[in-house]
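Report on the structure given below.
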Protein chains: 2
Amino acid sequence: MAFDRIDRQILRLLQEDGRMTNVDLAERVGLTAPPCLRRVRALEEEGAIRGYHAALDPVTLGYSITVFAMVSLRSQAESDLAAFEEHVRAIPEVRECHMLNGEIDFILKIVATDLRAFQELLTSRLTAAPNVASVKTSLTIRTAKNDPGIPVAG
Amino acid sequence: MAFDRIDRQILRLLQEDGRMTNVDLAERVGLTAPPCLRRVRALEEEGAIRGYHAALDPVTLGYSITVFAMVSLRSQAESDLAAFEEHVRAIPEVRECHMLNGEIDFILKIVATDLRAFQELLTSRLTAAPNVASVKTSLTIRTAKNDPGIPVAG
DNA sequence: GTTGAAACCTCAGATCC
DNA sequence: GGATCTGAGGTTTCAAC
């Protein structure tokens, strides 16, 4: 999987605007439509492009709260780690769950409609989960940067 | 801005698949194409839909490292907070920067191609930034869940 | 093996009801 | 919200480099 300059341009442009038409995209990268479309399909099949998503505005849709939760478990046996991951995967308000090195085991990004809903989620579904030793939460005051994806040169 | 059941369906479907054609979308929500397109345009103009993005695979594109950095500043005066935000906004590897309540001032999500590149970024551009008191970093071992966006009923 | 040209067919967008 | 229409874009086929 080696990406040439045109592939990287395609990836960068589609990361910026996922609904760009193929003819626009082709023009921007200096190709005609058919070879451009073939490259896009190839990038999708190779897994370089995982999907396309509309970015919704949380606040407009009623999700005014974003919280980061640092979770430590009592047991770090693989089966216990996996069980916790499975548990949070089923909670729609938990959008991200990353296992970390160091003192804390997981960091979670959680969204909620308001503080009350978050407290309810925290106490009844997170702190109360099996094997959870401690949960430290931090409310997001404001978000200065929130770019999905990764840097792409080209 | 009140969203009815069809609006929420549209939002949910476009969050799942941002390249769905309007005719597909219309069929799924039980409308014909023109009114469906009018709703989508309205949702875009109201700001409920902020944009569309291809989700790229970090590992395939050479970004094998994801790190969370907890940053504390020496001064929390608004001008100093804003200066720090401006500083990290210009670093492409810093994808997210959220101001938090509590002991730490900011949490950053950072991607890097490898550990060496991350260490370089950390020491030369983050720890060395003006007004930074401490930076604690945690490497992501694995990511159990990473859903962009928010829960949408419908 | 990848590009480009042409054909076809579906979709987006505008208009009107 | 739905029906109709037109022009534009997506997609396939095939020839050429």
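Here is the naming used below: chain letters follow the sequence lines, and residue numbers restart at 1 for every chain.
Side chain of A:Ser72 to backbone of A:Ser134: no donor-acceptor contact under 3.5 angstrom is found.
Listed pair B:Arg38 / C:dA14 fails the phosphate criterion, with no side-chain N or O lying under 4.0 Å from OP1 or OP2. Put simply, B:Arg41 has no side-chain N or O that comes within less than 4.0 Å of OP1 or OP2 on C:dA12.
Side-chain heavy atoms closer than 4.5 Å link hydrophobic residues (I, L, V, M, F, W, Y) into clusters, and following such links, even through other members, never connects B:Leu139 to B:Phe68.
In this structure, CG of A:Leu37 is placed 15 Å from C1' of C:dC11, rounded to the nearest angstrom. The nearest whole Å value for the distance from the CD atom in A:Glu27 to the C1' atom in C:dG4 is 16 Å. Here D:dG2 presents its C1' atom at 10 Å from CG of B:Leu31, a figure rounded to the nearest Å. Here the P atom of nucleotide C:dC11 and the CG atom of B:Asp24 are 7 Å apart, to the nearest Å. Between A:Met20 atom CE and C:dA12 atom C1' there is a gap of 17 Å when expressed in whole angstrom units. Computed from coordinates, the A:Arg39 CZ to C:dG4 C1' distance equals 13 Å when rounded to whole Å. Between A:Leu25 atom CG and D:dG10 atom C1' there is a gap of 13 Å when expressed in whole angstrom units. At whole-Å resolution of the value, CG in B:Asn22 and C1' in C:dA14 are 13 Å apart.
The aromatic ring centroids of B:Phe84 and B:Phe106 lie less than 6.0 Å from each other.
Map A:Pro35 and A:Arg19 each onto its nearest nucleotide of DNA chain C; the residue landing nearer the 5' end is A:Pro35.
Comparing D:dA3, C:dA12, C:dA6 against the side chain of A:Pro34 picks out C:dA6 as the nearest.
Looking only at side-chain heavy atoms (C-beta outward), A:Tyr63 and A:Asp114 stay at 4.5 Å or farther from each other.
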